[in-house]
Participant: 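One structure follows; several queries about it will come next.
Positions are given from 1 along the sequence.
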Amino acid sequence: MGKTFWKILVLLDILLAAGGCRKEEIPAVDTEQGKESKYIVFRIHSPSEKSDGRSLITVEDDKINDANIFVYSDGILMEDIYISGKQTVRIALEDRESYNYYIMANTGELEAPYMEKDIRSYRYENKLGILNFMLAGFPMAQSGSFSGKDLGGEMSVELERLVARVDFRIDTGKVPGLRVTSVQLKNTPKNITPFIACSGATAVVPGDITSDADLALVNDGGYASLYMLENCQGVLLPDNSDQWEKVPENIPGNKAGLCTYMEVNAVLESPSRATGPIIFRFYLGQDETSDFNIYRNTENSVTLIITEESFDMVSWRVDNSGLHMPRQR
């Protein structure tokens with residue numbers, strides 16, 4: 001089961017003068033329409049907990065490189081601000097009763113929908129896959145609200161990562177001589193709805209893959225961490241109780257091509273049993289039989305347990321066509 005390990009926190013704070021320091025007074029100004037306008041200061045923070053996962057992706061998982069801040073009132077866009085290289089911005093707003101804000105970080109500059117109803121279903125597209133994570137950082141988001149009474153103060157917002165972490169290890173049990181040569185996520189999301197929970201991808205891209213250092217750890221009994229955007233495709237096999245039946249041909253509709261799975265390539269090297277390459281493939285989810293949901297901001301542990309019987313299984317989960325039986329003497 002995935003567990004939330006990156007905390008989510010939104011704090012609305014009107015900061016007062018303290019310790020002899022005088023808070024800057026931000027005067028109200030008149031807009032062109034003659035309505036009173038005041039400033040509010042957004043201070044954006046990275047997630048409070050840092051991941052210690054290992055992956056081919058070399059990125060500071062808590063770093064904020066840029067941010068888009070969209071502010072709405074009465075369902076209409078009031079301000080659309082993009083900041084790069086800083087995490088604090090002062091925004092002028094009309095003195096209204098209430099506001100809703102939406103923030104996306106590490107995505108580059110985005111165009112805000114004019115109507116608030118459209119941003120709730122807005123999809124961010126990760127066109128470059130894991131390369132985008134390496135270049136821009138992990139995408140993050142947060143949303144919330146404040147009232148007109150809060151104008152003149154400061155808003156402190158802690159962002160939430162839109163990615164999930166998948167930790168993989170292998171248990172070879174009583175099958176010595178098995179060496180993992182690669183581990184990769186397949187069918188990882190190309191897009192996500194940042195402001196609707198449980199986003200399901202509508203398109204996929206090649207996913208994160210282990211580095212040589214990761215493989216050395218895996219083959220030594222350790223684990224490697226892979227990253228992906230949230231992908232919630234649902235409970236697609238509610239009546240299934242057999243893990244070997246969690247295969248593409250049993251998935252209804254066109255969902256099979258959108259569900260994320262893991263592909264593990266290995267080599268079996270033993271003079272006393274079959275030798276050669278073997279591939280293990282299995283769908284990720286909250287269980288082994290029916291669920292195809294991988295949630296944002298979670299840690300998901302996967303252990304591949306190898307047994308003698310698993311090599312004899314013929315299904316989408318195991319490709320043993322490359323194995324060669326030892327000669328009989």
Participant: Nearest heavy-atom pair of Asn300 and Ala164: which atoms, and what distance?
Facilitator: ND2-CB, 4.0 Å
Participant: With distance as the sole test, does Lys63 use its side chain to make a donor-acceptor pair with the main-chain N or O of Asn106 at under 3.5 Å?
Facilitator: no
Participant: Main chain of Glu160, side chain of Arg296: is a donor-acceptor contact present, judged purely on distance under 3.5 Å?
Facilitator: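 It does not hold such a pair.
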Participant: Taking all non-hydrogen atoms of both residues into account, name the closest pair between Leu237 and Ser290 and its distance.
Facilitator: O-CB, 2.8 Å
Participant: Checking Ile76 against Tyr114 for the side-chain contact (heavy atoms from CB on, under 4.5 Å) test, could you report, in this order, the C-alpha distance in whole Å, the side-chain angles of both residues, the deciding distance, and whether it holds?
Facilitator: CA-CA 6 Å; Ile76 304 297; Tyr114 180 68; 3.3 Å; yes
Participant: Could you see if Leu258 belongs to whatever hydrophobic cluster contains Ile130? Use Ile, Leu, Val, Met, Phe, Trp, Tyr and a side-chain cutoff under 4.5 Å.
Facilitator: no
Participant: Going only through I, L, V, M, F, W and Y residues with side-chain contacts under 4.5 Å, is there a path from Val166 to Leu304?
Facilitator: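 The answer is yes; both residues are in one hydrophobic cluster.
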Participant: To the closest 0.5 Å, what do you measure between CG (Leu93) and NZ (Lys38)?
Facilitator: 11.5 Å
Participant: Should Asp171 and Arg169 count as an ion pair when the cut-off is N to O under 4.0 Å?
Facilitator: no
Participant: Applying the side chain to side chain contact (heavy atoms under 4.5 Å, CB included) criterion to Ser199, which one of Asn231, Ile192, Leu229 satisfies it?
Facilitator: Ile192
Participant: Between Val204 and Phe292, is there a shared hydrophobic cluster once you connect ILVMFWY residues whose side-chain heavy atoms come closer than 4.5 Å?
Facilitator: no
Participant: Side chain of Glu158, backbone of His45: donor and acceptor closer than 3.5 Å?
Facilitator: no
Participant: Measure the shortest side-chain to side-chain distance between Met155 and Asp150 over non-hydrogen atoms and say whether it is less than 4.5 angstrom.
Facilitator: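 Side chain of Met155 against side chain of Asp150, heavy atoms only: no contact under 4.5 Å found.
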Participant: Return yes if a side-chain donor-acceptor contact under 3.5 Å exists between Ser301 and Asp167, otherwise no.
Facilitator: no
Participant: Between Glu125 and Lys190, is there a side-chain heavy-atom distance shorter than 4.5 Å?
Facilitator: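 A side-chain contact under 4.5 Å exists here.
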Participant: To the nearest 0.5 Å, how far apart are CD1 in Ile44 and CD in Gln142?
Facilitator: 11.0 Å
Participant: Do Asp287 and Lys246 come close enough that some side-chain heavy atom pair is under 4.5 Å?
Facilitator: yes
Participant: Can you tell which of Phe195, Phe42, Tyr72 makes a ring-ring contact (aromatic ring centres under 6.0 Å, His included) with Tyr101?
Facilitator: Phe42
Participant: Nearest 0.5 Å please: distance from the CD atom of Glu154 over to the CZ atom of Arg90.
Facilitator: 10.5 Å
Participant: Are any side-chain N or O atoms of Asn132 and backbone N or O atoms of Asn126, one a donor and one an acceptor, separated by less than 3.5 Å?
Facilitator: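 The answer is no, because no donor-acceptor pair under 3.5 Å joins these two groups.
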Participant: At what distance, to the nearest 0.5 angstrom, does OG1 of Thr193 lie from CZ of Arg120?
Facilitator: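 Rounded to the nearest 0.5 Å, the OG1-CZ separation comes to 12.5 Å.
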Participant: I want to check something: taking the side chain as every heavy atom from C-beta on, are Pro277 and Asn265 in contact at a cut-off of under 4.5 Å?
Facilitator: no
Participant: Quick one: CD1 on Ile83 to CD1 on Ile91, what's the gap to the nearest 0.5 Å?
Facilitator: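 The CD1 atom of Ile83 sits 8.0 Å away from the CD1 atom of Ile91.
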Participant: What heavy-atom pair brings Asn240 and Thr289 nearest, and what distance separates the two atoms?
Facilitator: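 The answer is ND2-O, 2.8 Å.
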Participant: Any non-hydrogen side-chain atom of Phe146 less than 4.5 Å from a side-chain atom of Val71?
Facilitator: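 Heavy-atom side-chain distance check passes, below 4.5 Å.
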Participant: Before you tell me yes or no, could you show the steps for Met262 and Val183 under side-chain contact (heavy atoms from CB on, under 4.5 Å), namely the whole-Å CA-CA distance, both residues' side-chain angles and the distance that decides it to 0.1 Å?
Facilitator: CA-CA 7 Å; Met262 180 169 281; Val183 181; 3.9 Å; yes
Participant: Taking all atoms of both residues into account, what is the closest heavy-atom pair of Ile294 and Gly285, and its distance?
Facilitator: CG1-N, 4.4 Å
Participant: May I ask whether Ile103 and Val89 are part of the same hydrophobic cluster, defined by side-chain heavy atoms of I, L, V, M, F, W, Y residues being less than 4.5 angstrom apart, directly or through others?
Facilitator: yes
Participant: Any side-chain heavy atom of Asn100 sitting closer than 4.5 Å to one from Ser143?
Facilitator: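 No, side chains not in contact.
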Participant: State whether a side-chain donor-acceptor pair under 3.5 Å links Thr202 with Asn191.
Facilitator: yes
Participant: Tell me whether the guanidinium CZ or amine NZ of Arg281 lies under 6.0 angstrom from the six-membered ring centre of Tyr261 and within 45° of its axis.
Facilitator: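 Ring-cation test returns no.
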Participant: Going by the rule side-chain contact (heavy atoms from CB on, under 4.5 Å), which residues pair with Ala266 if we only count those two or more places apart in sequence or in a different chain?
Facilitator: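 Counting only residues at least two positions away or on another chain, Ala266 forms a side-chain contact (heavy atoms from CB on, under 4.5 Å) with Leu178, Ile278.
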Participant: Does the side chain of Asn293 come under 3.5 Å of the side chain of Gln286 through a donor N or O and an acceptor N or O?
Facilitator: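 Looking only at side-chain atoms, Gln286 and Asn293 do not form any donor-acceptor pair under 3.5 Å.
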Participant: Using salt bridge (Lys or Arg N to Asp or Glu O under 4.0 Å) as the criterion, list what pairs up with Arg179, not counting sequence neighbours.
Facilitator: Glu269
Participant: Would you call the rings of Phe168 and Phe282 parallel, tilted or perpendicular, taking 30° and 60° as the class edges?
Facilitator: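 Ring orientation, 0 to 90° scale: parallel.
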Participant: Distance-only, no hydrogens or angles: does the Asn187 side chain make a donor-acceptor pair with backbone N or O of Gly257 under 3.5 Å?
Facilitator: yes
Participant: Between Asp220 (side chain only) and Ala216 (backbone N and O only), is there a donor and an acceptor less than 3.5 Å apart?
Facilitator: no
Participant: Might you point out which heavy atoms bring Ala224 and Thr210 nearest each other, and give the distance in Å?
Facilitator: CB-CG2, 3.8 Å
Participant: Answer whether the closest heavy-atom distance between the side chains of Met228 and Asp208 falls below 4.5 Å.
Facilitator: no
Participant: Are the side chain of Thr303 and the backbone N or O of Ile170 linked by a donor-acceptor pair below 3.5 Å?
Facilitator: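 It does not hold such a pair.
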Participant: Sub-3.5 Å donor-acceptor pair from the side chain of Gln233 to the main-chain atoms of Ala201, do we have one?
Facilitator: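 Such a contact is found between Gln233 side chain and Ala201 backbone.
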Participant: If you take all heavy atoms of Met140 and Pro47, which pair is closest and at what distance?
Facilitator: SD-CD, 3.6 Å
Participant: Treating Ile, Leu, Val, Met, Phe, Trp and Tyr as nodes and any side-chain heavy-atom pair under 4.5 angstrom as an edge, say whether Ile196 and Leu110 lie in one connected cluster.
Facilitator: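 The answer is no; the residues belong to distinct hydrophobic clusters.
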Participant: Starting at CG of Asn65, measure out to OG of Ser46 and round the result to the nearest 0.5 Å.
Facilitator: 11.0 Å
Participant: Counting only heavy atoms from other residues, nucleotides and ligands, does the tally under 6.0 Å from CD of Gln184 exceed 12?
Facilitator: yes
Participant: Apply ring-ring contact (aromatic ring centres under 6.0 Å, His included) to Phe133 and Tyr227, showing your working.
Facilitator: CA-CA 9 Å; Phe133 294 163; Tyr227 296 90; 7.9 Å; no
Participant: Are any side-chain N or O atoms of Glu116 and backbone N or O atoms of Ser73, one a donor and one an acceptor, separated by less than 3.5 Å?
Facilitator: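 No, the answer is negative, given that no donor and acceptor are paired below the 3.5 Å cut-off.
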Participant: Under the salt bridge (Lys or Arg N to Asp or Glu O under 4.0 Å) rule, what pairs show up with a residue in residues 66-78, not counting sequence neighbours?
Facilitator: Asp74-Arg96
Participant: Please check this pair: side chain of Asn68 against backbone of Glu111, looking for a donor-acceptor N/O pair closer than 3.5 Å.
Facilitator: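 Side chain of Asn68 to backbone of Glu111: no pair is present.
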